[in-house]
Amino acid sequence: MPGAVEAAGAGAAGSTDVGRLVAPTRTFLATSAVAVAPRLLNLLLVSGSRVGRIVEVEAYRGTEDPASHAFGGPTPRNATMFGPAGHLYVYFTYGMHWCANVVCGPPGVAEAVLVRALAPVAGLEEMWEARAAARRERDLCSGPAKLCQALGIDRAYDGLDLLSPSSPVRLLDDGTPPPRRPSVGPRIGISRAVEARWRWWVTNSASVSVGGR
DNA sequence: CTTTGGATCGTCT
DNA sequence: GACGATCCAAAGG
């Protein structure tokens with residue numbers, strides 16, 4: 001863990017000053033997912049010694065959003081989404097993949113931000129071991145299920161508090177600001193509410209899930 | 001580079 | 001019983 005923090009700093013090559021690592025505030029996350037999502041870009045997702053920088057996200061607006069798992073109300077599966085902000089919502093999909101979300105909004109409001117891609121920062125060897133199918137470094141975490149595989153995130157981590165120092169998975173800020181003007185477009189892989197442009201990504205990041213851009 | 005289809009099973013109707 | 005907030009290998013340009 002101390003290794004991960006140090007590596008995270010060292011991995012931020014290119015940035016001239018690396019701030020110390022701090023978690024975003026719960027108050028910040030307790031607002032709307034659409035407002036929070038683009039501001040999660042460039043934060044770090046840390047799992048043990050494995051660290052990735054968030055480069056692509058999507059917002060899901062709970063019970064009001066036909067594409068959200070929370071549309072239609074609470075179920076055992078989406079329970080975490082209805083809880084407090086800053087917790088990790090992990091779901092299973094396509095019979096074989098796990099995906100990770102940062103819960104947003106006040107308790108009772110099921111908003112969330114799906115983390116779609118990370119740029120690998122530290123713990124690359126472990127990521128390569130966890131992702132035998134990956135051929136290039138940029139494919140290690142270039143998709144919502146790929147990043148869960150790379151960081152070892154599965155059902156066991158559903159509901160954990162990303163802001164707690166004792167959590168196995170944490171959300172941290174190393175001082176790198178979000179892009180002033182991120183790229184924006186429609187969400188991927190959904191069949192309803194396809195018109196909403198609630199996907200944001202770091203322009204030109206090689207680790208973004210599709211096309212790049 | 002792009003397109004296509006198979007894998008695989010929890011969840012909710 | 002149908003459908004995924006996906007990934008990958010294979011095949012074609």
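On a predicted model such as this, the values are computed, not experimentally measured, just so you know. Numbers restart at 1 for each chain; the letters A, B, ... are given by sequence-line order, proteins then strands.
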### Query
In residues 140-149 of chain A, what residues come within less than 4.0 Å of DNA chain C, judged by heavy atoms?
A/G143, A/P144, A/A145, A/K146

### Summary
Residue pairs meeting salt bridge (Lys or Arg N to Asp or Glu O under 4.0 Å), one or both in residues 136-149 of chain A, sequence neighbours left out, come to A/R136-A/D139

### Task
Can you tell me which residue pairs pass the salt bridge (Lys or Arg N to Asp or Glu O under 4.0 Å) test with a partner in residues 175-197 of chain A, sequence neighbours excluded?
A/D65-A/R187

### Message
Using whole Å, what does the distance between atom P of nucleotide C/dG4 and atom OH of A/Y60 come to?
### Response
12 Å

### Task
Not counting sequence neighbours, which residues clear salt bridge (Lys or Arg N to Asp or Glu O under 4.0 Å) with A/R131? List them please.
none

### Query
Which residues satisfy the salt bridge (Lys or Arg N to Asp or Glu O under 4.0 Å) test with A/E64, sequence neighbours excluded?
none

### Task
For nucleotides 2-13 of chain B, just jot down a letter per nucleotide in 5' to 3' order: B, S or -, based on protein non-hydrogen atoms under 4.0 Å.
-----BBBSSS-

### Message
Looking only at the side chains, is there a donor atom on one of A/S183 and A/T203 sitting less than 3.5 Å from an acceptor on the other?
### Response
yes

### Query
Which comes earlier along DNA chain C counting from the 5' end, the contact point of A/A132 or that of A/I190, where each point is its nearest nucleotide?
A/I190

What side-chain hydrogen bond (donor to acceptor under 3.5 Å, both in side chains) pairs are there with at least one residue in [range], not counting sequence neighbours?
{"range": "residues 22-34 of chain A", "answer": "A/R26-A/D161"}
{"range": "residues 85-113 of chain A", "answer": "A/H69-A/Y89"}
{"range": "residues 34-44 of chain A", "answer": "none"}

### Query
Going by the ring pair (Phe, Tyr, Trp, His ring centres under 6.0 Å) test, which pairs reach into residues 135-163 of chain A, not counting sequence neighbours?
none

### Task
Can you sort out the partners of A/P182 under side chain to side chain contact (heavy atoms under 4.5 Å, CB included), two or more places apart, ordered by chain and number?
A/P38, A/L41, A/P179, A/W200

#### Entry: For DNA chain C, stems built from three or more consecutive Watson-Crick or G-U wobble pairs below 3.5 Å
B:1-7 with C:6-12, B:9-12 with C:1-4

